[in-house]
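Scroll down for the structure; my scribbles are underneath it.
Numbering of ligands and ligand atoms starts at 1, following listing order. Computed from a predicted structure; not experimentally measured.
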Amino acid sequence: MARFDPQGAIAIVTGASGGIGRELVRRLARAGTIVIANARRERRLSELRDELARIVPAVPLPEPVVGDVSDPEVRERLVRRAAELGDGRLDLLVNNAGVGGIGPFELATPERLRRIMEVNFFAPVELTRAALPLLKQGRHAVICNLGSVLGHRAVPNKSEYCASKFALHGWSDSLRAELRPLGIQVTLVSPSTTRSEFFDSVIDSTPGTTSPNWGSWSPERVAVATLAAIQARRSEVILSLGGKALVYADRICPPLMNRLLALPPEEAD
Ligand SMILES: NC(=O)c1ccc[n+]([C@@H]2O[C@H](COP(=O)([O-])OP(=O)(O)OC[C@H]3O[C@@H](n4cnc5c(N)ncnc54)[C@H](OP(=O)(O)O)[C@@H]3O)[C@@H](O)[C@H]2O)c1
């Protein structure tokens, strides 16, 4: 299968103001990709733009699209900007923006579920729908969805997040089969715990609940693996040893994982 060539490619990356998304934009820009970056924090995006203007003056980052990706108007602006810059063509769409929530389902509000599904599932799906006409004109186009190992094996206290990433996983698999005849690849990248700001911005979390971060990866390392998966036009990658252990142990013996994950925390240690 042909590789994705970042040189001269036109890309959209959502969630580009921090963590994995920002690292990926840095790497894509250095490889010669024209990246339309999106996030809500305007200052972060303009700092990134200034930084890249110094490092890669030959490929300036276009004016970012600031705003909430769950807003249809923001998604429209992203697609319009891509159409202008790529003359009707888009080569890469990275659906990276995402949010979490920690704590038992019973104590959570319905709003937490709605918000997580809006940002992690409906926004990438609808952005992809709007971008498809441009992607069909792309050069070996790739839609890269940032899932999670928790979209392969669910764990307690993150029910809404797991549901959103399972939905993204299922939709990605289905879309990949539909788009293959059109020459568009759908790449699902599933990181495990990543040392980004993700856990500082979890929605409406239950006080006292935390998330383990043993074996975690840096956002830089996740971005390197993500770019490699995009370039190789892989269907799916599961990152980190701990992430692979969780996913493959569940595939081999789901009843064992069900029992282990249902143990009270002190017995699970
Ligand atoms: N961190 C982990 O442990 C981990 C593990 C597995 C998978 N992932 C997935 O990896 C992806 C990136 O996460 P990360 O670790 O890099 O998290 P992060 O550091 O919190 O970055 C998230 C990015 O998404 C943006 N964002 C959040 N809500 C948005 C919205 N409504 N509209 C537009 N942008 C929005 C944030 O920018 P603004 O706040 O400026 O909008 C930020 O740029 C997510 O999909 C996440 O689910 C993360």
Side-chain angles (χ1 to χ4, degrees), residues 12-27 35-49 64-75 77-78 93-102 112 114-127 144-155 158 160-169 172 187-203 205 210-226 229 236-240 242-244 246-247:
I12 292 175
V13 177
T14 67
S17 64
I20 299 165
R22 181 171 57 185
E23 291 304 326
L24 190 60
V25 172
R26 285 180 171 137
R27 275 159 185 77
V35 186
I36 304 155
N38 155 261
R40 292 163 303 175
R41 283 171 293 178
E42 188 168 10
R43 215 175 94 200
R44 286 280 193 97
L45 291 177
S46 43
E47 283 165 4
L48 179 62
R49 202 167 170 226
V65 172
V66 179
D68 188 329
V69 75
S70 69
D71 177 346
E73 195 268 328
V74 172
R75 295 194 296 265
R77 278 198 280 137
L78 270 168
L93 168 61
V94 183
N95 287 309
N96 165 74
V99 285
I102 306 177
R112 182 165 92 181
R114 289 267 159 209
R115 184 74 190 135
I116 290 175
M117 290 303 289
E118 285 296 343
V119 178
N120 296 3
F121 182 63
F122 291 113
V125 168
E126 294 307 336
L127 180 57
C144 177
N145 295 327
L146 266 291
S148 166
V149 294
L150 302 186
H152 297 262
R153 168 68 231 193
V155 298
K158 294 180 182 166
E160 300 93 343
Y161 183 74
C162 291
S164 72
K165 295 296 184 179
F166 263 78
L168 192 70
H169 176 178
S172 299
T187 298
L188 178 68
V189 175
S190 298
S192 185
T193 308
T194 308
R195 295 184 299 278
S196 64
E197 295 166 304
F198 185 79
F199 295 99
D200 303 332
S201 53
V202 281
I203 298 170
S205 283
T210 53
S211 186
N213 75 344
W214 40 264
S216 60
W217 277 20
S218 66
E220 292 86 344
R221 195 170 172 192
V222 175
V224 168
T226 302
E236 175 182 286
V237 285
I238 292 162
L239 305 182
S240 98
K244 286 187 171 82
L246 178 76
V247 174

Can we say E197 and R22 salt-bridge, meaning some charged N sits less than 4.0 Å from an Asp/Glu carboxylate O?
no
For T193, the ligand 1 atoms with a heavy-atom partner under 4.0 Å come out as 3 (O)
Of the backbone atoms (N, CA, C, O) and the side-chain heavy atoms from C-beta on, which set of S192 has a member under 4.0 Å from an atom of ligand 1: side chain, backbone, both, or neither?
backbone
Give the residue and atom name of whichever protein heavy atom lies nearest to atom 22 (C) of ligand 1, and the separation in Å to one decimal.
G98 O, 4.1 Å
Proximal ligand 1 atoms for A97, defined as those under 4.0 Å from one of its heavy atoms
24 (O), 26 (N), 34 (N), 35 (C), 45 (O)
Please write down residue, atom name and distance for the protein heavy atom closest to atom 6 (C) of ligand 1.
P191 O, 3.3 Å
Considering only heavy atoms from C-beta outward, does the side chain of L45 approach that of V65 to under 4.5 Å?
no
Identify the protein heavy atom lying closest to atom 7 (C) of ligand 1, giving its residue, its atom name and the separation to 0.1 Å.
G147 O, 3.2 Å
Please check: side-chain N/O of N38 versus main-chain N/O of G67, any donor-acceptor pairing under 3.5 Å?
yes
Nitrogen or oxygen atoms of A39 and ligand 1 under 3.5 Å apart
no
What do the steps show when you test L150 against L246 for side-chain contact (heavy atoms from CB on, under 4.5 Å), and what is the final call?
CA-CA 9 Å; L150 302 186; L246 178 76; 4.1 Å; yes
Side chains of S70 and R115, donor plus acceptor under 3.5 Å
yes
Taking the side chain from T14 and the backbone from N96, do they hold a donor-acceptor pair closer than 3.5 Å?
yes
Nitrogen or oxygen atoms of R40 and ligand 1 under 3.5 Å apart:
yes
E197: heavy atom below 4.0 Å from ligand 1, yes or no?
yes
What I'd like to find out is whether the side chain of L48 reaches to under 4.5 Å of the side chain of S17, using heavy atoms alone.
no
Nearest-neighbour protein heavy atom for atom 42 (C) of ligand 1, which is reported as residue plus atom name and distance
S17 OG, 3.6 Å
The protein heavy atom nearest to atom 31 (N) of ligand 1 is D68 OD1, 2.8 Å
Ligand 1 atoms in contact with N38 (distance to a heavy atom under 4.0 Å)
33 (C)
With a 4.0 Å cut-off on heavy atoms, is T14 touching ligand 1?
no
Check: V69 N/O within less than 3.5 Å of ligand 1 N/O:
yes
In ligand 1, the atoms that come under 4.0 Å of a heavy atom of F199 are 3 (O)
For S148, the atoms of ligand 1 under 4.0 Å from one of its heavy atoms are 6 (C), 7 (C)
With a sphere of 6.0 Å drawn around CZ of R114, does it hold more than 12 non-hydrogen atoms of other residues, nucleotides or ligands?
no
So, the side chain of S46 versus the backbone of R44: is there a donor-acceptor pair under 3.5 Å, distance only?
no
Could you list which atoms of ligand 1 come closer than 4.0 Å to a heavy atom of R115?
31 (N)
Minimum side-chain heavy-atom gap V189-C144 below 4.5 Å:
yes
Could you work out, for atom 44 (C) of ligand 1, the closest of L146, V13, N96 by heavy-atom distance?
N96
Examine the proximity of ligand 1 to N120 and report which part, side chain or backbone, both or neither, has a heavy atom under 4.0 Å away.
neither
Side chains of V222 and L239: closer than 4.5 Å at any heavy-atom pair?
yes
After noting the C-alpha distance and the side-chain angles of I116 and I203, does the key distance pass the side-chain contact (heavy atoms from CB on, under 4.5 Å) rule?
CA-CA 8 Å; I116 290 175; I203 298 170; 3.9 Å; yes
Would you mind checking which non-hydrogen protein atom is closest to atom 47 (O) of ligand 1, with the distance to 0.1 Å?
Y161 OH, 2.6 Å
S148 pairs by side chain to side chain contact (heavy atoms under 4.5 Å, CB included) with which of K158, R153, K165?
K165
Among all protein heavy atoms, pick out the one at the shortest distance from atom 21 (O) of ligand 1; state its residue, atom name and that distance to 0.1 Å.
G18 O, 4.2 Å
For atom 19 (O) of ligand 1, which of S196, A123, G15, G243 has the closest heavy atom?
S196
Is any N or O atom of V119, backbone or side chain, closer than 3.5 Å to an N or O atom of ligand 1?
no
Under 4.5 Å between any side-chain heavy atoms of H169 and E236, yes or no?
yes
Out of F121, F198, F199, which one pairs with Y161 under the ring-ring contact (aromatic ring centres under 6.0 Å, His included) rule?
F198
So do the side chains of E23 and R221 get within less than 4.5 Å of each other, counting heavy atoms only?
no
Check whether any heavy atom of S190 sits under 4.0 Å from an atom of ligand 1.
no
Can a donor-acceptor pair be found, under 3.5 Å and without considering hydrogens, that links the side chain of R75 to the backbone of P124?
no
Find all atoms of ligand 1 within a distance of less than 4.0 Å from any non-hydrogen atom belonging to I20, and give their numbers and elements.
10 (O), 12 (C), 15 (O), 16 (O)
Are H152 and L188 close enough that some pair of their side-chain heavy atoms sits under 4.5 Å apart?
yes
What do you reckon, does G67 put a non-hydrogen atom under 4.0 Å from ligand 1?
yes
Applying a 4.0 Å heavy-atom criterion (strictly less than), which segment of A16 is in contact with ligand 1: side chain, backbone, both, or neither?
backbone
Please state which option from T194, T226, V66 has its nearest heavy atom closest to atom 2 (C) of ligand 1.
T194
Any heavy atom of S70 sitting closer than 4.0 Å to ligand 1?
no
Mind checking whether K165 contacts ligand 1 via backbone (N, CA, C, O), side chain (CB onward), both or neither, at a 4.0 Å heavy-atom cut-off?
side chain
Give the atom numbers and elements of ligand 1 that come within less than 4.0 Å of a heavy atom of G19.
16 (O), 19 (O)
